[in-house]
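The model shown is predicted, which means the values in this text are computed figures rather than measured ones.
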Amino acid sequence: MGLAAGPIRVVVAKPGLDGHDRGAKVIARALRDAGMEVIYTGLHQTPEQIVDTAIQEDADAIGLSVLSGAHNTLFAAVIGLLRERDAADIKVFGGGIIPEADIAALKEKGVAEIFTPGATMASVVEWVRESVRG
């Protein structure tokens, strides 16, 4: 997966029952405007659907947006499925309403980065550019 030449490919996804996708769409657009190929999955995606999409699209990264409070469960499920499907080279990053106290545990589970409210689009784009294929 993912180490091909060409633009960085990012799947942006809204897992679970969360119905607010404005932030995910803003991130998707910022990444697209920075020259990346972005696949936005839409609302109410299961971890299985997200991982299937990332593998099918030969994604370099998955960006998850979670506002529902289910971030610990959903991030872990995506990371676990990537490992099961021999696709752990696809980096997972995310953002949303994620308490500071949960960030270290998410990173220990394999989440590469978490962006909380107030993160700039420039900081997300820069992180993806520097971290995803680095």
* **Donor-acceptor contact present, side-chain Arg129 to main-chain Ile8, <3.5 Å** => no

* Asked: Judged by atom type as modelled, is there a donor-acceptor pair below 3.5 Å linking the side chain of Gln45 to the main-chain atoms of Leu43?
  -> yes

Rounded to the nearest 0.5 Å, what's the gap from [atom1] on [X] to [atom2] on [Y]? Could you check?
X: Ile79; Y: Lys109; atom1: CD1; atom2: NZ; answer: 10.0 Å
X: Ile103; Y: Thr116; atom1: CD1; atom2: OG1; answer: 5.5 Å
X: Ile90; Y: Leu81; atom1: CD1; atom2: CG; answer: 11.5 Å
X: Ser68; Y: Ile97; atom1: OG; atom2: CD1; answer: 10.5 Å

Taking only residues two or more places apart in sequence or in another chain, which ones pass salt bridge (Lys or Arg N to Asp or Glu O under 4.0 Å) with [X]?
X: Lys107; value: Glu113
X: Glu37; value: Arg9
X: Asp102; value: none
X: Arg32; value: none

* To do: Among Asp52, Val51, Thr53, Leu64, find the residue that satisfies the side-chain contact (heavy atoms from CB on, under 4.5 Å) test when tested with Val11.
  => Thr53

Compile the donor-acceptor pairs under 3.5 Å between side chains in residues 14-28 and protein atoms, sequence neighbours left out, one pair per line.
from, atom 1, to, atom 2, distance (Å)
Lys14, NZ, Asp18, OD2, 2.6
Lys14, NZ, His20, O, 2.8
Lys14, NZ, Ser65, O, 3.3
Lys14, NZ, Ser65, OG, 3.2
Asp18, OD1, His20, N, 3.1
Asp18, OD2, Leu67, N, 2.9
His20, ND1, Arg22, N, 3.4
Asp21, OD2, Lys25, NZ, 3.4
Asp21, OD2, Tyr40, OH, 2.9

Would you indicate whether the side-chain heavy atoms of [Y] and [X] approach each other to under 4.5 Å?
X: Ile98; Y: Leu106; result: yes
X: Gln49; Y: Thr41; result: no
X: Val128; Y: Lys91; result: no

* To do: With side chain to side chain contact (heavy atoms under 4.5 Å, CB included) as the test, would you mind laying out the steps for Val10 and Ile39 before giving the verdict?
  => CA-CA 6 Å; Val10 181; Ile39 300 93; over 6 Å; no

* All pairs passing ring-ring contact (aromatic ring centres under 6.0 Å, His included) where residues 54-104 contributes a residue, at least two apart -> Phe93-Trp127

* To do: Could you pull out the closest heavy-atom pair between Arg83 and Ala88, with the gap in Å?
  => CG-CB, 4.0 Å

* **Minimum heavy-atom distance Leu74-Pro47, with the two atoms named** => CD2-CG, 4.2 Å

